[in-house]
Visitor: 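Got a structure for you, questions after.
Index from 1, following the sequence. Everything numeric in this text was worked out from a predicted model, so none of it was measured.
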Amino acid sequence: MAKELILITGVSGHVGFRVLAEALARNYRVRAVVRKAEQGEQIKNTESVKSFAADLEIVVVKDLLKEGAFDNVLSGVSGVVHVASPLPAPTDNYKRDIIDPAIDATVGILKSAAKAKSVRRVVITSSMATLLTMEYIMSDDLTKVFTTNDTYPPPDLTTTQFMAPIHAYAVAKGHALAASEMFVKNEKPQFDIISLLPSVIVGKNELHTTKEEVLASNNGFILGPLLDRKAEMPLLGQSVHVDDVAKAHIYALNPSFPGNKRLMVSSGGIQGTTWDDAKEIAQRLYSQQVSGGLFPLKGTTPTRPLRLDSSETEQLFGWNLVGYEEQVKSVVDHYLELSTA
């Protein structure tokens, strides 16, 4: 029986790469989209992927925002996993550099998928950011429990004043989610969509080859308290292992699960994550590195408590998201591996 062919975007990033590795391990054939050929070469040579060379096709799409950019890469594809999206970064024009690309790439791949009659399901990486207004984040409310029904209408882009790159990222995710659902409602394509709303994603990134890269990523939120890095602003108290996020994307392709819905992907139950708990975990599991001074435990990542309900996702897929201790182990083990390389 021929293996099912799926298309994945964003494979040069933390989440997209893990989605690719998960798909290959679960016996899919994958057509992986990169913007530069050299990204494809790095991906093909990673440990998690290189043994699946026969099932991996790398395609270069230099401009994901060009009209019809995906028209020529969807032949024979039954499922699409759209991960690619701009990350929060400083810019003098958030709309041009973060928001419009997020919307346009999402709508663009949906338009192309509608032309490719073989596509039956599109899975899109959204974010918990679609649930959280800046007003709520800055409020004293620590009791509200958010579900995927709690998205808010995306703000008017002509009047919104962005407080920081992460604010623009949140708005971009909100507009992209709204645009994808509006597309399905208006165009009634032959496929359905599932949007996944992960929280703060952490865990080993195989594409990172130096400890400095690890520290500069989301994984720095875990390592900071173990070292001497003190974050000034509190971080939202929800996290999820990148392996679980990848697994959820691949499970969501299964047509036995109903489509045209949103699913939360965040671990720890509604109590979520307290980032500085990494210190206690390190004292138990990495006592040698603590006593030897590699982990002085002098840093802090303050937590802004947040309650998200992922119970529907766990019940639907039939497995539980791993907790914070496993997330810490994944990050710390990788950091130690690179520290001794």
Visitor: Heavy atoms only: give me the nearest Gln39-Val34 pair and the separation to one decimal.
Guide: OE1-CB, 3.6 Å

Visitor: Side-chain contact, heavy-atom cut-off 4.5 Å: Lys111 with Phe183?
Guide: yes

Visitor: Using the rule given for side chain to side chain contact (heavy atoms under 4.5 Å, CB included), can you reason through Leu223 versus Lys211, listing the C-alpha separation, both sets of side-chain angles and the distance that settles it, and then say yes or no?
Guide: CA-CA 10 Å; Leu223 290 166; Lys211 64 180 184 180; over 6 Å; no

Visitor: I'd like to know whether Leu110 forms a side chain to side chain contact (heavy atoms under 4.5 Å, CB included) with Ile193, so could you lay out the CA-CA distance, the side-chain angles of the two residues, the decisive distance to 0.1 Å, and finally the verdict.
Guide: CA-CA 9 Å; Leu110 294 178; Ile193 63 173; 4.3 Å; yes

Visitor: For the residue pair Val107 and Ala179, what are the closest heavy atoms and their distance?
Guide: CG2-CB, 3.8 Å

Visitor: Can you check whether Gly299's main-chain N or O pairs, donor with acceptor, with Lys279's side chain at less than 3.5 Å?
Guide: yes

Visitor: Using a 4.5 Å cut-off on heavy atoms from C-beta on, say whether the side chain of Ile99 contacts that of Phe162.
Guide: yes

Visitor: If you compare all heavy atoms of Ala105 against all heavy atoms of Phe70, which two are closest, and at what distance to 0.1 Å?
Guide: O-CE1, 4.1 Å

Visitor: Keeping Glu206 on the side-chain end and Ser48 on the backbone end, is there a donor-acceptor pair under 3.5 Å?
Guide: yes

Visitor: Okay, side chain of Tyr136, backbone of Asp141: is any donor-acceptor separation there less than 3.5 Å?
Guide: yes

Visitor: Donor-acceptor pair, distance only, cut-off 3.5 Å: does the side chain of His14 make one with the backbone of Gly203?
Guide: yes

Visitor: Before you tell me yes or no, could you show the steps for Lys247 and Glu22 under salt bridge (Lys or Arg N to Asp or Glu O under 4.0 Å), namely the whole-Å CA-CA distance, both residues' side-chain angles and the distance that decides it to 0.1 Å?
Guide: CA-CA 6 Å; Lys247 186 177 176 181; Glu22 184 76 15; over 6 Å; no

Visitor: About how many Å separate OG of Ser12 and CZ of Arg35, when rounded to the nearest 0.5 Å?
Guide: 6.0 Å

Visitor: Give a yes or no on whether Ile58 and Tyr28 share a hydrophobic cluster (residues Ile, Leu, Val, Met, Phe, Trp, Tyr; joining criterion: side-chain heavy atoms under 4.5 Å apart).
Guide: yes

Visitor: Look at the aromatic rings of Tyr251 and Phe257 and report parallel, tilted or perpendicular, splitting at 30° and 60°.
Guide: parallel

Visitor: Determine whether a donor-acceptor pair (N or O, by modelled atom type, separation under 3.5 Å) exists between the side chain of Thr210 and the backbone of Glu213.
Guide: yes

Visitor: Are Asn205 and Ser217 close enough that some pair of their side-chain heavy atoms sits under 4.5 Å apart?
Guide: no

Visitor: Go through Ile98 and Tyr94 one step at a time and tell me if the side chain to side chain contact (heavy atoms under 4.5 Å, CB included) criterion holds.
Guide: CA-CA 5 Å; Ile98 297 179; Tyr94 289 117; 3.7 Å; yes

Visitor: To check you understand the geometry: which heavy-atom pair defines the closest contact between Thr160 and Asp156, and what is its length?
Guide: OG1-O, 2.6 Å

Visitor: Under the salt bridge (charged side-chain N to carboxylate O under 4.0 Å, His left out) rule, what pairs show up with a residue in residues 294-311, not counting sequence neighbours?
Guide: none

Visitor: For Tyr335 and Tyr286, I'd like to know if the aromatic rings sit close, meaning centre-to-centre distance below 6.0 Å.
Guide: no

Visitor: Is any side-chain heavy atom of Leu263 closer than 4.5 Å to a side-chain heavy atom of Glu312?
Guide: yes

Visitor: Starting at CG of Leu226, measure out to CG of Leu297 and round the result to the nearest 0.5 Å.
Guide: 6.0 Å

Visitor: I'd like to check Asp244 versus Ser267 (side-chain heavy atoms, cut-off strictly below 4.5 Å). Are they in contact?
Guide: no

Visitor: Which residue is it: Asp150, Leu131, Leu196? I am looking for the one with a side chain to side chain contact (heavy atoms under 4.5 Å, CB included) to Met264.
Guide: Leu131

Visitor: Identify the two heavy atoms, one from Pro154 and one from Ala178, that lie closest to each other, and give their separation to 0.1 Å.
Guide: CG-CB, 4.0 Å

Visitor: Tell me whether Leu227 shares a hydrophobic cluster with Val202, the cluster being built from Ile, Leu, Val, Met, Phe, Trp, Tyr side chains joined at under 4.5 Å.
Guide: yes

Visitor: Return the minimal non-hydrogen interatomic distance between Val77 and Leu7, and the atom names on each side.
Guide: CG1-N, 3.7 Å

Visitor: Is the shortest side-chain heavy-atom distance between Lys115 and Asp71 below 4.5 Å?
Guide: yes

Visitor: Take atom CG in Asn72; do more than 12 heavy atoms of anything else shown fall under 6.0 Å from it?
Guide: no

Visitor: Does the side chain of Val119 reach to within under 4.5 Å of the side chain of Gln190, using non-hydrogen atoms?
Guide: yes

Visitor: Does Asp55 come within less than 4.0 Å of Arg29, counting only side-chain N to carboxylate O?
Guide: no

Visitor: State, without any angle test, whether Asp276 and Thr274 hold a side-chain donor-acceptor pair at a distance under 3.5 Å.
Guide: no

Visitor: When the ring planes of Trp275 and Tyr324 are compared, do they come out parallel, tilted or perpendicular, using 30° and 60° as the limits?
Guide: perpendicular

Visitor: Could you give the distance from CD1 (Ile250) to CD1 (Ile8), rounded to the nearest 0.5 Å?
Guide: 5.0 Å

Visitor: Is there a side-chain contact between Ser330 and Asn219 in this structure, where contact means two heavy atoms from C-beta onward sitting under 4.5 Å apart?
Guide: no

Visitor: Do Val81 and Ile43 land in one hydrophobic cluster if side-chain heavy atoms of ILVMFWY residues count as linked below 4.5 Å?
Guide: yes

Visitor: Do you reckon Val33 sits in the same ILVMFWY cluster as Val80, going by side-chain contacts under 4.5 Å, direct or chained?
Guide: yes

Visitor: Is there a donor-acceptor contact under 3.5 Å from the side chain of Ser51 to the main chain of Glu47?
Guide: no

Visitor: Would you say the side chains of His249 and Thr125 form a donor-acceptor pair under 3.5 Å?
Guide: yes

Visitor: Could you give the distance from CG (Leu74) to OG (Ser112), rounded to the nearest 0.5 Å?
Guide: 6.0 Å

Visitor: Nearest 0.5 angstrom please: Ile124 CD1 to His82 NE2, how far?
Guide: 6.5 Å

Visitor: We want to know whether Ser239 and Thr273 form a side-chain donor-acceptor pair, criterion being a heavy-atom distance below 3.5 angstrom.
Guide: yes

Visitor: Yes or no on side chain to side chain contact (heavy atoms under 4.5 Å, CB included) for Val11 and Val19, after CA distance, side-chain angles and deciding distance?
Guide: CA-CA 8 Å; Val11 294; Val19 173; over 6 Å; no

Visitor: Given 3.5 Å as the limit, does a donor-acceptor pair link the side chain of Ser287 with the main chain of Arg284, or not?
Guide: no

Visitor: Would a hydrophobic clustering, with Ile, Leu, Val, Met, Phe, Trp and Tyr connected at side-chain separations under 4.5 Å, put Val200 with Ile137?
Guide: yes

Visitor: Working to the nearest 0.5 Å, report the span between NZ of Lys44 and CD of Glu57.
Guide: 10.5 Å

Visitor: Do any N or O atoms from the side chain of Asn218 and from the backbone of Ile201 form a donor-acceptor pair under 3.5 angstrom?
Guide: yes

Visitor: Verify, without hydrogens or angle tests, whether Gln238 (side chain) and Leu306 (backbone) share a donor-acceptor contact under 3.5 angstrom.
Guide: yes

Visitor: One pair to check against side-chain hydrogen bond (donor to acceptor under 3.5 Å, both in side chains): Thr151 and Arg262. What are the steps and the verdict?
Guide: CA-CA 10 Å; Thr151 54; Arg262 311 162 181 168; 2.8 Å; yes

Visitor: Pick out which of Arg121, Lys185, Lys261 makes a salt bridge (Lys or Arg N to Asp or Glu O under 4.0 Å) with Asp192.
Guide: Arg121

Visitor: Please check if the side chain of Arg18 supplies one atom and the backbone of Val245 the other of a donor-acceptor pair under 3.5 Å.
Guide: no

